[in-house]
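Structure record follows, encoded as structure tokens.
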Amino acid sequence: MPGKPYFVTTPIYYVNDVPHLGHAYTTVAADVLARWKRHRGFDAKLLTGTDEHGAKIAEAAAKNGKDPKSYVDEVSAEFKKNWELLRIQYDHFIRTTDTEHEETVKNFLQRIYNNGFVTEGIYEGLYCVGCEKFKSPDELIDGKCPDHGKAPEPYKEENYFFKLSKFADELIRRIESDEIEVRPLERKNEVLGKISQGLQDISISRAKLSWGIPLPFDSSHTTYVWVDALINYYTYGKPEGIWPADLHIVGKDILWFHSIIWPAMLIAIGEAPPKKIFAHGFFTIGGSKMSKTLGNVITPQELVDKFGVDGARYLLLSAFPFGADGDFDWTRLTEKYNADLANGIGNLHARLTRLAESSVGIVLGWDDELSEVRKFRDKYDAALERLDFYQALQVIRELISKGDKLVNEKKPWALAGEAQKKELQKLLNILFAIAHFANPFMPEASGKILGSLGIAEINEFKKVGKAILEVHKIENLFPRIE
Ligand code: MSP
């Protein structure tokens with residue numbers, strides 16, 4: 001494949017707390033996308049990691065009676081464990097306390113400084129430690145940050161500023177023309193609307209906070225945690241030779257940092273900004289935002305314990321369209337699992353393997369498969385191209401219905417000889433396509449389906465283009481859950 005590898009990132013997560021489903025949501029989505037790209041023959045690199053500096057982390061460490069470094073080591077390891085549990089195939093896990101990252105940040109900031117985009121000034125405002133962000137009065141409800149339920153703290157100190165205001169026209173031009181593609185479209189419009197009201201320079205240093213990376217041009221200040229964090233993508237991507245990032249997947253809460261501040265920082269040092277930023281929505285649990293205080297936090301482990309790894313991955317991305325907000329609760333998740341997985345894929349797979357088990361010599365051809373399911377495949381690929389995971393999974397459900405309908409109509413059990421073989425071959429083609437499409441989402445179940453058809457390695461199969469199937473029954477893929 002020509003060109004550089006496709007470089008996709010997740011946000012790096014704050015280590016003030018252990019991972020929950022919100023974090024898993026973004027990470028699974030990025031993993032599905034990277035796996036799909038790899039299937040399509042591209043080399044894809046997935047970067048994830050943890051955001052470990054700043055006031056919020058320092059406070060969490062103190063609350064836990066730990067020094068910041070040992071605290072962040074522990075929580076960062078939890079994130080890694082959770083991503084392993086969810087079968088996230090990341091290429092690199094970055095930590096902002098890594099030495100290479102700290103060096104890159106210093107170097108990056110020195111370049112911004114040398115290019116004349118840093119000034120000194122006094123910052124006075126209201127700071128929300130939960131958001132790690134200054135808040136303007138219109139962002140508060142009853143004087144409190146709506147996301148953290150706390151009044152932001154008054155803050156005044158001498159800071160270094162990045163001259164963000166200089167980049168407004170350039171950013172408008174690049175975002176409008178999709179040179180920097182901001183998606184979904186309504187988010188692009190929101191961002192453009194906000195820039196057109198003018199951009200203010202942003203404070204990039206902290207004089208009183210020691211838990212951070214010292215500024216290269218004044219070591220009595222540490223780097224503002226967001227500036228430190230955004231640079232993580234470059235720390236990994238640049239030496240790997242895969243810069244610029246093809247896609248940053250982020251939650252809608254952090255789109256501004258990624259679509260405005262980050263591209264401006266890169267332009268300031270003469271580097272290419274990311275090609276695309278996609279902001280997804282939030283999910284709530286039983287109607288409320290997931291939070292420890294409300295006691296409605298679901299951990300990835302809990303979801304996996306109940307639905308298995310594949311079930312968990314599927315449920316995360318099939319609940320509602322990526323980009324929109326949505327709600328789910330345990331009852332709805334269980335219903336969906338039973339409908340789509342136990343009764344859907346699981347049942348069709350069990351039926352077909354039972355029917356075809358004693359048939360010898362059924363041949364599955366990659367070309368036949370393509371002609372039979374081409375329109376599904378085109379729809380599926382187009383959906384993933386626009387990060388519409390929900391629609392891509394809908395294509396799989398359509399194929400399942402097609403399979404179910406065909407078995408009922410053709411009644412292969414009542415046929416014999418070549419006629420039976422022909423019908424079974426068509427049905428197994430559909431099953432194969434389901435396994436193929438499901439693969440990025442549910443790698444284990446997909447592997448089991450292929451294994452039960454006698455296909456050990458999908459890539460090998462694609463290369464050879466044909467396989468003589470050896471169908472055998474295996475245990476239920478998705479047992480029903482009451
Ligand atoms: N550390 C910053 C990001 C720096 S990136 C250079 C940060 N971290 S975070 O831990 O608060 O989580 C960030 C991301 O987690 C959100 O942008 C979003 O992608 C995901 N989510 C956290 N809660 C979520 C939901 N309830 N629903 C969906 N995604 C959520 O911000």
Side-chain angles (χ1 to χ4, degrees), residues 8-31 33 47-57 60 72 75-76 78-79 82-83 93-97 101 104-105 108 128-133 145 147-148 187 212 223-237 245 247-263 265-266 274 277-294 296-300 303 315-317 319-329 387 389:
V8 51
T9 69
T10 75
I12 49 170
Y13 302 103
Y14 284 131
V15 288
N16 62 313
D17 208 351
V18 292
H20 61 57
L21 278 196
H23 309 128
Y25 185 60
T26 318
T27 313
V28 169
D31 181 57
L33 200 78
L47 174 69
T48 189
T50 41
D51 190 354
E52 308 187 358
H53 290 125
K56 172 152 132 168
I57 309 302
V72 299
V75 186
S76 178
E78 276 301 310
F79 274 87
N82 273 269
W83 300 161
F93 188 101
I94 194 165
R95 301 182 53 191
T96 52
T97 51
H101 176 69
T104 307
V105 168
F108 199 112
C128 173
V129 174
C131 296
E132 287 284 16
K133 196 173 150 189
C145 163
D147 288 340
H148 295 94
R187 300 271 172 229
T223 309
Y224 171 39
V225 61
W226 261 103
V227 168
D228 164 354
L230 288 164
I231 296 173
N232 91 84
Y233 306 125
Y234 186 80
T235 300
Y236 172 70
L247 172 68
H248 293 313
I249 300 184
V250 299
K252 60 178 182 177
D253 52 336
I254 57 174
L255 178 61
W256 183 252
F257 285 104
H258 284 83
S259 58
I260 301 300
I261 299 175
W262 179 225
M265 284 166 60
L266 286 157
I277 302 135
F278 191 102
H280 65 71
F282 268 14
F283 63 70
T284 48
I285 304 290
S288 333
K289 186 162 195 271
M290 239 182 356
S291 93
K292 241 188 166 176
T293 342
L294 289 173
N296 62 354
V297 169
I298 301 181
T299 62
L303 202 68
L315 291 171
L316 279 172
L317 293 180
F320 53 88
F322 206 59
D325 287 339
D327 187 57
F328 61 50
D329 57 34
L387 277 82
F389 301 102

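Atoms within each ligand, like the ligands themselves, are counted from 1 in listed order.
When ring centroids are compared, F322 and Y25 come within the 6.0 Å threshold. Taking the six-membered ring for Trp, H280 and F389 have ring centres at least 6.0 Å apart.
Distances from atom 26 (N) of ligand 1 to the heavy atoms of W226, Y25, Y14, F283 show the closest one on F283.
Within the 4.0 Å heavy-atom cutoff, E132 does not count among the residues contacting ligand 1.
For T9 and Y236, the side-chain atoms include no donor-acceptor pair closer than 3.5 Å.
Shown in contact with Y233 at under 4.0 Å from a heavy atom are these atoms of ligand 1, numbered in order with element: 5 (S), 6 (C). Interface of A229 with ligand 1, defined as ligand atoms under 4.0 Å from a residue heavy atom, comprises 6 (C). In summary, the atoms of ligand 1 found under 4.0 Å from a heavy atom of G281, numbered by their order in the structure, are 28 (C). Contact atoms of ligand 1 toward T26: 18 (C), 19 (O), 20 (C) (distance under 4.0 Å to a heavy atom of the residue). Shown in contact with D253 at under 4.0 Å from a heavy atom are these atoms of ligand 1, numbered in order with element: 16 (C), 17 (O). For ligand 1, the atoms closer than 4.0 angstrom to any heavy atom of G251 are 17 (O), 18 (C), 19 (O). Residue H23 has at least one heavy-atom neighbour below 4.0 Å for each of these atoms of ligand 1: 10 (O), 12 (O), 15 (O). For ligand 1 and D51, the ligand atoms under 4.0 Å from any heavy atom of the residue are 1 (N), 2 (C), 4 (C).
How far CG of L255 is from CZ of F278: 10.5 Å, rounded to the nearest 0.5 Å.
From the protein, the heavy atom lying nearest to atom 25 (C) of ligand 1 is G22 CA, 3.6 Å.
Residue pairs satisfying the salt bridge (Lys or Arg N to Asp or Glu O under 4.0 Å) criterion with at least one member in residues 248-260, sequence neighbours excluded, are listed as follows: K252-D325.
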